[in-house]
Amino acid sequence: MSSSPRTCTLLPAPGSPPGRNAQSLSKKAARSQGARRTGGARAPLPRAGRQCKIGGLSPQGCPRIPADRRAAAVDFPGGRMADTSESGPDTDRRPVNEQRRRRIEKIAELKALGIAAYPDRFPRTHTLAEAAALPESAQGLALAGRLTLRRRFGKLTFAHIQDQDKAFQIALERDKVATASLAGKDAYAVFQHLIDLGDFIGCEGDLMRTKTGELTLSVKRFTLLAKSLRPLPEKWHGLRDLELCYRQRYLDLIMNADTRARFALRRRVIAAFRETLDREGFVEVTTPTLVPTASGALATPFVTHHQALDMPAYLRIAPETYLKRLIVGGYDKVYEFAQSFRNEGMDPSHLQEFALLEYYCAFWNYEDNMRFTEKLLAAVIAAAAGSPVVRFQGREIDFTPPWPRIAFRDALTQYAGVAPEDFPTVESLRAEVKKRAPDVEGIEHMGRGSLLDQLYKKCARPQMLGPAFLVGHPIELSPLARRSDADPQLTDRFQVLAGGREIVNAYSELVAPIEQRERFEEQAALRREGDAEAMAAEDDYLLCMEYGMPPTSGWGLGLERFLCLLADRENLRDVVFFPFMRPQSDGGGAADAGAADDTGAPQAPEGA
RNA sequence: GGGGGCAUAGCUCAGCUGGUAGAGCAGCGCCCUUUUAAGGCGAAGGUCGGAGGUUCGAAUCCUCCUGCCCUCACCA
C-alpha cells in the first residue's frame with residue numbers, strides 16, 4: 001500500500017497536510033485556527049486527501065468525489081455544527097467534536113461511492129448466538145451487529161460485532177473482501193477508513209477457526225447498515241459514570257456486559273413469574289393505571305388533569321382494589337404486573353415509578369398463601385438465577401423451602417430487645433422508641449402501631465437476613481387485611497423478609513364490607529383529615545364489597561426490590577432501564593445561560 | 001428538605017501547598033496477515049459543570065447556582 005499512486009495530483013503531499021502547519025504556532029493558536037476553518041470555509045479541504053485515497057484505489061482511476069459533492073460533504077450539518085448560531089437541519093446543540101463532524105463527512109463520502117449510510121434492511125441467516133453454535137465448516141452465513149472492536153493488521157483485520165445476546169469475531173482480508181459495489185483493496189479501504197466503531201454492519205461469509213482457535217466469520221462481503229455519528233465509550237473500562245449510565249442507558253447496554261446480564265435477569269424473572277403463575281391457574285389481567293382516585297396503599301399519588309371530563313386524575317399507587325373488584329366479579333385467581341407511581345421521596349430504595357406484581361386467590365387464606373409463596377419464589381429464583389441460593393452483600397440467602405415464621409412481636413423481642421407488652425401505654429412505648437431510635441422524626445404524632453413499626457424498621461428488620469415469614473402484624477398497620485380470629489389486635493398478614501428487606505407483603509383480605517368501612521374511618525382519623533377524594537374511592541370499593549367477596553388472600557411484590565436482591569444491587573435504578581432524571585441543561589452552551597437565570601425559564605424539554 | 005462527596009478531551013482517569021492542563025482508549029496519518037484492551041511511529045483534540053469573588057496570576061482558594069452519588073428524615 002504505497003501512498004503515492006493514490007494521492008491525487010491536486011492534493012498536497014501527505015507530509016504537508018493543509019491547515020496543519022501548526023508546529024510553529026502555540027497549541028491555542030493552532031486550535032483557534034482549526035475552529036475557524038471548520039466554522040467557515042470550504043476552501044482547502046483537509047479531508048479530501050482521504051476521500052481521494054479511497055477512490056484512488058479503484059482500478060478505474062481516481063473516481064474522487066466531484067467538487068460540488070465534496071463541498072456538500074463539508075457543508076453537511078456536521079460541517080456547520082461548530083457555528084452554533086446557525087440552525088441547520090441538525091438541532092443537536094451539544095458541543096460538537098471533531099469525531100462527530102468527521103463521521104458526518106464520511107456519510108457523504110460513502111454516498112459518493114454508492115454506499116448508503118442507512119439502508120432499509122439486512123436479511124441475516126443467524127443471530128450471533130446461533131452462529132456461535134454452528135460447526136466451523138458452516139458456510140454462507142449472513143450476520144449483523146454493531147461493530148464494537150477492531151484490530152487492524154495491515155491487510156488483515158479482526159473485529160467484533162455485537163447483537164442482543166452475543167459478540168462475535170469477524171475477520172476481513174484485503175484481497176478477499178468486497179462490498180456490493182467494490183472489491184478487494186477498495187472495499188477493504190472502505191472498511192478501514194469509512195466504517196467506524198459503533199456502526200452497524202452486515203457480514204456475509206464462511207466460518208473458520210483462527211490460529212488461537214476462535215470461531216470467526218471470514219467476511220467475503222460486508223454492508224453498512226447504520227452509520228454511528230458518535231464514538232463509543234472506552235472499550236476496556238466501559239461506561240463508568242453513573243449519571244451517564246442512567247441517562248444514556250443504551251451506552252451502558254452497549255458497553256457493559258454486567259448491565260446486559262442484569263436486564264436479562266429481569267427478563268427471566270418476569271418470564272418465570274408468568275410461567276409459574278399461569279401454570280397454577282392464575283389469569284393475567286390489566287387494570288387501570290390512570291384512575292379517578294388513588295387507593296390501595298397509603299402514598300401520595302401523581303396528579304394530572306383529565307381534559308375531557310375536566311376533573312383531576314391520578315396515577316395508581318397500587319392495583320389492589322381493582323384486582324379485588326375482579327375477585328368480586330368472579331375471577332378465582334388473577335395477577336398483574338402493575339406499573340405503579342408514588343410521588344414521594346427519592347432514594348436508592350424508592351422509585352417514583354415501579355413495578356408491583358400482585359396476585360389474588362379466592363378461597364385461600366394467608367396460610368395457603370405462605371405455602372404457595374415458598375414454592376413460587378423458590379421456583380422463580382431457581383429458574384432465573386440458576387440456584388435457590390442467592391448471594392447478597394457478601395452473605396448467602398437460601399430460598400429452599402420451608403422458611404421459618406416469626407411473629408412481629410417476637411421479631412421485636414429477639415432482634416430489637418423490646419417486648420411490646422412491657423409498654424402498655426402509648427406514652428411509655430413512645431419513650432422507649434425515642435431511646436432506641438432517637439433520629440426518628442415525628443414520634444410525638446405516632447400511634448401505637450406506627451411506634452412499633454418504627455421500632456421494627458430501625459432495630460429489628462436490618463438484622464433479619466431471611467428468608468423468613470414475618471407474621472402477626474398489629475391491626476393498625478394493615479387497614480385492608482383481615483383481623484385475626486385468634487387475636488383481635490393482629491391481622492392475618494405476612495411479609496417475606498430477605499436481606500433485611502421486605503420482599504413480599506400479603507394477607508388474608510378483609511372481605512367484610514361493614515368492618516372495612518369502620519377500618520377506613522379509623523385510618524382516616526388516625527392519619528389525615530380524610531379528604532373527599534379518598535373517601536369517594538373507598539365508597540366505590542365498599543359498594544363492590546357489599547355484593548360479596550369470597551375469602552381471598554392477596555399478595556404483592558416490589559419487582560425492582562426483588563431484582564436488586566437477585567442481582568446483588570443496592571440501588572433500584574440499576575434494575576430499571578430509564579430511571580427518572582432531572583432534565584440536564586445542555587451544559588455550557590449559549591442557550592444555557594438564559595435557562596440558568598432565576599426567571600425559571602423553561603429548560604431542555606423544548607429541545608428534547 | 002438536612003448533611004457529606006463528586007463534576008478536567010467523545011470515554012476512563014492523573015493534575016502536590018495557586019504559576020495558565022497530561023496519560024490511556026477512541027479518532028486522524030503511516031507500518032503491520034492470526035489478534036483478543038493487538039503492537040509501533042507521528043500529529044491533533046480542552047469555555048477544567050456554570051456564574052461571581054480573592055490574587056500579579058485560579059482546574060486548584062472562597063461564595064452562589066446546576067446535575068449526579070451517598071446519607072438522614074417520609075412512604076414500599
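Within every chain, numbering begins at 1; the chains are lettered A, B, ... in the order of the sequence lines, protein sequences first and strands thereafter.
Within 3.5 Å, no donor on the side chain of A/His237 pairs with an acceptor on the base of B/rC11, nor the reverse. Under 3.5 Å, the side chain of A/Gln99 and the base of B/rA26 form at least one donor-acceptor pair of N or O atoms. Residue-to-nucleotide contacts include a donor-acceptor pair under 3.5 Å from the side chain of A/Asp347 to the base of B/rC74. At a cut-off of 3.5 angstrom, the base of B/rU35 holds at least one donor-acceptor pair with the side chain of A/Thr210. At a cut-off of 3.5 angstrom, the base of B/rU35 holds at least one donor-acceptor pair with the side chain of A/Gln169.
Across all strands shown, B/rU55 forms no Watson-Crick or G-U wobble pair with both distances under 3.5 Å. The base-pairing partner of B/rC41, taking Watson-Crick or G-U wobble contacts with both distances under 3.5 Å, is B/rG29.
With P as the reference atom, B/rC6 and B/rG15 are 12 Å apart, rounded to whole Å. B/rG42 sits 33 Å from B/rG50 when the P atoms are compared, rounded to a whole Å. When the P atom is used for both B/rG24 and B/rU63, the distance is 37 Å, rounded to whole Å. Atom name C1', nucleotides B/rG1 and B/rG45: the rounded distance is 43 Å, in whole Å. Atom P of B/rC62 sits at a distance of 29 Å from the matching atom of B/rA23, rounded to the whole Å. The gap from the C1' atom of B/rC75 to that of B/rU36 amounts to 50 Å, rounded to the nearest Å.
Under the 6.0 Å distance and 45° angle rule, A/Arg266 does not count as a cation-pi partner of A/Phe577.
When A/Arg230, A/Lys106, A/Lys227 are each tested for a salt bridge (charged side-chain N to carboxylate O under 4.0 Å, His left out) with A/Asp199, only one passes: A/Lys227.
Listed nucleotides: B/rU12, B/rA26, B/rU35. Nearest to the side chain of A/Lys235: B/rA26.
Aromatic stacking is marked for A/Phe158 over B/rU35, as both cut-offs hold: 5.5 Å for the centres and 30° for the planes.
In this structure, the side chains of A/Leu572 and A/Cys564 come closer than 4.5 Å at one or more pairs of heavy atoms.
Residue-level contact check: A/Arg240 touches the backbone only, with heavy atoms under 4.0 Å from sugar-phosphate atoms and none from bases. Nucleic acid contact class of A/Gly556 (heavy atoms, under 4.0 Å, all strands): none.
A salt bridge does not link A/Asp347 with A/Arg573: every distance from a Lys NZ or Arg NE/NH1/NH2 to an Asp or Glu carboxylate oxygen is 4.0 Å or more. At a threshold of 4.0 Å, the pair A/Glu509-A/Arg493 does not count as salt-bridged, since none of the basic side-chain nitrogens sits closer than that to a carboxylate oxygen.
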